[in-house]
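If you're wondering where the values come from, they're calculated on a predicted model, not measured in any experiment.
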Amino acid sequence: MSKYAESVLASVKAKNANEPEFIQAVDEVLTTLGPVLDANPQYEQNAILERMVEPERVIIFRVPWVDDKGIVRVNRGYRIQMNSAIGPYKGGLRFDPTVNLSVLKFLAFEQVFKNSLTTLPMGGGKGGSDFDPKNSPHTPGKRCSDAEVMRFCQSFMTELFRHIGADTDVPAGDMNVGGREIGYMFGQYKRLANEWTGVLTGKALPFGGSLIRPEATGYGDVYFAENMLAKRGETFEGKVCAISGSGNVASFAAEKLLQLGAKVITLSDRSGAIYVKDGITKELLAEVMNLKNVKRGELSELANEAAGIKFFPKVNSWQLADKIDAAFPCARQNELNGDDAKYLLSHGCKLVAEGANMPSTPDAIAQFVGAKIMYSPGKASNAGGVATSGLEMSQNSLRLSWSREEVDAKLKGIMKAIHDNAWEAAAKYGHEGNYVVGANIAGFTKVADAMVAQGVC
Ligand code: NDP
């Protein structure tokens with residue numbers, strides 16, 4: 001690691017000692033930037049790293065709301081406005097009890113590099129709340145009602161609206177924030193700001209949403225992986241794929257893999273994982289989507305030995321099959337550890353394309369990189385979601401809607417550009433085939449150059 005990066009990392013560790021996820025994300029990036037920092041002394045002279053690890057602004061606020069029993073509840077809301085050098089802050093909102101400053105700062109930091117990689121003019125941000133829509137405060141184990149989710153979203157936006165705007169900060173969805181939540185927050189923003197702008201992305205089609213936005217992160221992950229395979233003259237036809245998660249990213253990654261002729265054998269959620277030796281069918285995937293998005297149930301409900309659907313409680317997707325060609329971690333951070341990586345590598349895995357943010361632990365990443373398999377970090381391979389959010393912003397500004405085919409073609413083109421930029425940056429600095437180094441350097445350089453040009457701010 002360069003001496004400069006080492007000293008900045010030491011200071012990040014000292015200043016943010018209680019933020020392990022943030023330190024992990026910064027460590028992963030800074031350890032790979034040595035070659036570009038050595039070749040460009042202006043970055044150190046302008047304290048670019050010191051500025052990049054410090055959010056431009058952190059907003060923390062109270063979110064009071066009333067549950068269905070009439071009891072007043074209070075959650076904590078956040079927005080991290082990390083870096084606006086190349087465009088308005090852009091990044092999702094996550095509602096989950098695990099949300100805290102460390103998790104959101106890690107996500108916001110990653111977002112800066114990811115957004116830069118998309119080739120679109122978007123800065124980086126992230127936000128959310130420790131609100132748990134899957135656990136009603138008055139009836140633990142039961143989900144919050146739609147009315148409770150609406151009251152929470154309205155209260156959350158009642159504070160957030162003054163900090164965001166179409167040219168300032170444009171939030172989107174993330175874990176537990178989908179079309180329903182975006183709709184409620186958009187409605188409240190519109191009332192408070194008295195304007196109709198594309199201030200949130202991931203909106204439904206009748207009010208400014210983009211076709212392909214729901215599919216974009218999962219599809220984009222697979223498009224990125226297709227580009228990695230193409231470098232070796234391979235395709236997904238017949239490849240055995242393990243996917244974790246069964247939410248937005250996982251389900252559309254599965255859909256695209258099935259369309260490309262791959263065999264998808266696993267999906268997972270908080271209850272455990274399903275394993276289907278002969279491969280999940282289109283019909284079963286439709287059932288999963290209905291279960292998760294409409295009935296809002298658990299994968300355990302799909303267990304059916306007679307139909308070949310095995311369910312394993314409280315495990316993830318990685319150690320269930322005898323042979324796995326490719327793995328797609330699409331659930332959450334640090335969900336694939338060193339043991340999982342060892343298992344995958346010894347059972348034939350040659351490709352890991354992260355759909356989630358930071359799903360592989362540092363130990364797992366070291367093994368993938370050491371084994372020289374095709375491994376892509378989330379900031380590169382899951383950038384399709386935010387890229388299509390960028391396309392949604394463009395359509396809102398132009399007051400028009402592109403067709404499904406147009407958006408899909410643009411998404412494909414963007415994923416290829418991200419792949420090629422990461423590939424070329426890695427090769428330029430002597431790390432051919434290392435997408436971690438390539439993505440970090442390509443994402444960093446654009447933001448760093450913009451910051452140098454804009455002076456000390
Ligand atoms: P969803 O909420 O739609 O799905 C998350 C999935 O992960 C669910 O299947 C959930 O299970 C599972 N999960 C969450 N926590 C745990 C846990 N502790 N143990 C086991 N399983 C768990 O979220 P998304 O699909 O939108 O996001 C998934 C990942 O992708 C996140 O890392 C997110 O930051 C990242 N991402 C998402 C983008 C998007 O456009 N949506 C864009 C880029 C990255 P259950 O259903 O039981 O809760």
Side-chain angles (χ1 to χ4, degrees), residues 55-82 88-108 111 124-138 142-166 168-204 207-209 213 247-248 296 357 385-386 389 392-393:
E56 288 179 15
R57 192 175 297 108
V58 173
I59 302 149
I60 302 184
F61 51 98
R62 179 171 76 203
V63 189
W65 57 285
V66 181
D67 73 15
D68 285 348
K69 305 274 184 211
I71 301 169
V72 179
R73 306 286 176 180
V74 182
N75 285 96
R76 185 172 289 175
Y78 302 86
R79 187 72 184 162
I80 316 291
Q81 297 181 330
M82 198 76 194
Y89 309 107
K90 179 93 197 85
L93 298 169
R94 176 178 291 192
F95 293 167
D96 196 78
T98 58
V99 162
N100 57 38
L101 203 51
S102 174
V103 167
L104 292 180
K105 279 174 67 182
F106 120 62
L107 288 164
Q111 197 81 42
K126 201 82 190 185
S129 171
D130 57 359
F131 171 64
D132 185 1
K134 290 186 164 145
N135 221 351
S136 151
H138 52 80
K142 285 207 83 155
R143 282 156 196 276
C144 289
S145 68
D146 284 352
E148 287 175 329
V149 171
M150 181 182 75
R151 288 195 292 275
F152 173 82
C153 287
Q154 289 178 336
S155 180
F156 183 84
M157 187 50 82
T158 301
E159 174 56 33
L160 187 67
F161 94 99
R162 71 191 80 247
H163 306 290
I164 61 175
T168 313
D169 183 353
V170 184
D174 189 77
M175 222 185 255
N176 293 330
V177 178
R180 174 182 62 171
E181 293 74 17
I182 293 289
Y184 294 149
M185 287 191 274
F186 182 76
Q188 187 72 351
Y189 179 87
K190 196 164 53 63
R191 284 171 83 191
L192 293 166
N194 193 29
E195 61 179 28
W196 200 113
T197 55
V199 69
L200 288 158
T201 57
K203 300 184 290 296
F207 52 97
R213 175 61 189 93
N248 174 271
R296 302 192 186 270
N357 286 308
V386 73
S389 278
E392 183 175 331
M393 289 161 75

Report summary line: Across all chains, not counting sequence neighbours, the ring pair (Phe, Tyr, Trp, His ring centres under 6.0 Å) partners of Phe106 are none
Query raised in the report: If you look at every heavy atom in Tyr189 and Gly165, which pair is closest and at what distance?
Result: OH-CA, 3.9 Å
Query raised in the report: Checking side-chain contact (heavy atoms from CB on, under 4.5 Å) for the pair His163/Gln81: CA distance, chi angles, key distance, verdict?
Result: CA-CA 9 Å; His163 306 290; Gln81 297 181 330; 4.3 Å; yes
**Report entry** Residue pair Ser145 / Asp68, side-chain donor-acceptor N/O under 3.5 Å
**Finding:** yes
Query - Donor-acceptor contact below 3.5 Å, side chain Arg151 vs main chain Val66 - result: yes
Query - Minimum heavy-atom distance Ala108-Gly125, with the two atoms named - result: CB-C, 4.1 Å
Query raised in the report: Shortest non-hydrogen contact from Gly202 to Ile182?
Result: O-CG2, 3.7 Å
Report summary line: Here the gap from Lys134 atom NZ to Met175 atom CE, rounded to the nearest 0.5 Å, amounts to 8.5 Å
Query raised in the report: So, Asn176 side chain and Phe95 main chain: donor-acceptor pair closer than 3.5 Å or not?
Result: yes
Query - Student check: side-chain heavy atoms of Phe152 and Ser129 closer than 4.5 Å - result: yes
Query raised in the report: Should the heavy atoms of other residues, nucleotides or ligands under 6.0 Å from CZ of Arg73 be counted, would the total exceed 12?
Result: yes
**Report entry** Nearest-0.5 Å distance that lies between atom CG in Asp169 and atom CD in Glu56
**Finding:** 10.5 Å
Requested in this report: Without swapping roles, check the side chain of Asp96 against the backbone of Val99 for a donor-acceptor pair under 3.5 Å.
Outcome: no
Query - Beyond-backbone contact of Val170 with Ile164, side-chain heavy atoms, under 4.5 angstrom - result: no
Query raised in the report: Which is it for Tyr89 and Lys126 under the side-chain contact (heavy atoms from CB on, under 4.5 Å) test, yes or no, and what are the steps along the way?
Result: CA-CA 8 Å; Tyr89 309 107; Lys126 201 82 190 185; over 6 Å; no
Query raised in the report: With sequence neighbours left out, what residues match Lys105 under salt bridge (charged side-chain N to carboxylate O under 4.0 Å, His left out)?
Result: Glu19
Report task. Decide side-chain contact (heavy atoms from CB on, under 4.5 Å) for Phe161 and Val199; before the verdict, give the C-alpha distance in whole Å, the side-chain angles of both, and the deciding distance to 0.1 Å. Result -> CA-CA 9 Å; Phe161 94 99; Val199 69; over 6 Å; no
Query raised in the report: Going by heavy atoms in the side chains, are Glu159 and Val63 under 4.5 Å from each other?
Result: no
Query raised in the report: Could you give the distance from OG1 (Thr201) to CE (Met393), rounded to the nearest 0.5 Å?
Result: 7.5 Å
Query raised in the report: CZ of Arg62: more than 12 outside heavy atoms within 6.0 angstrom?
Result: no
Query raised in the report: Can you list the steps and then say if Phe156 with Phe131 is a ring pair (Phe, Tyr, Trp, His ring centres under 6.0 Å)?
Result: CA-CA 10 Å; Phe156 183 84; Phe131 171 64; 9.2 Å; no
Query raised in the report: Does a side-chain heavy-atom distance below 4.5 Å link Glu392 with Lys203?
Result: yes
**Report entry** Lys90 to Ala172 - nearest heavy-atom pair and separation
**Finding:** NZ-CB, 3.7 Å
Report task. Pick out which of Arg143, Lys69, His138 makes a side chain to side chain donor-acceptor pair (under 3.5 Å) with Glu148. Result -> His138
Query - Closest heavy-atom pair and its distance - Arg213, Ser389 - result: NE-OG, 2.9 Å
Query raised in the report: Any chance CZ of Arg162 has more than 12 other-residue heavy atoms, nucleotides or ligands included, within less than 6.0 Å?
Result: yes
Query raised in the report: In terms of the angle between their ring planes, are Phe186 and Trp196 parallel, tilted or perpendicular, with boundaries placed at 30° and 60°?
Result: perpendicular
Query raised in the report: How would you list, by chain and number, every residue that makes a side chain to side chain donor-acceptor pair (under 3.5 Å) with Thr158, sequence neighbours excluded?
Result: Gln188
Report task. I would like to know whether Leu160 and Phe61 meet side-chain contact (heavy atoms from CB on, under 4.5 Å); could you show each step before the answer? Result -> CA-CA 8 Å; Leu160 187 67; Phe61 51 98; 4.2 Å; yes
**Report entry** Closest heavy-atom pair and its distance - Leu104, Gly128
**Finding:** CD1-N, 4.0 Å
Report task. Taking the side chain as every heavy atom from C-beta outward, state whether Leu93 and Met185 have any pair of such atoms under 4.5 Å apart. Result -> yes
Query raised in the report: Less than 4.5 Å apart, any side-chain heavy atom of Lys190 and any of Phe207?
Result: no
Report task. For residues Trp65 and Pro137, determine if any side-chain heavy atom of one lies less than 4.5 Å from a side-chain heavy atom of the other. Result -> yes
Query raised in the report: Would you call Leu101 and Ile80 a side-chain contact if the rule is heavy atoms closer than 4.5 Å?
Result: yes
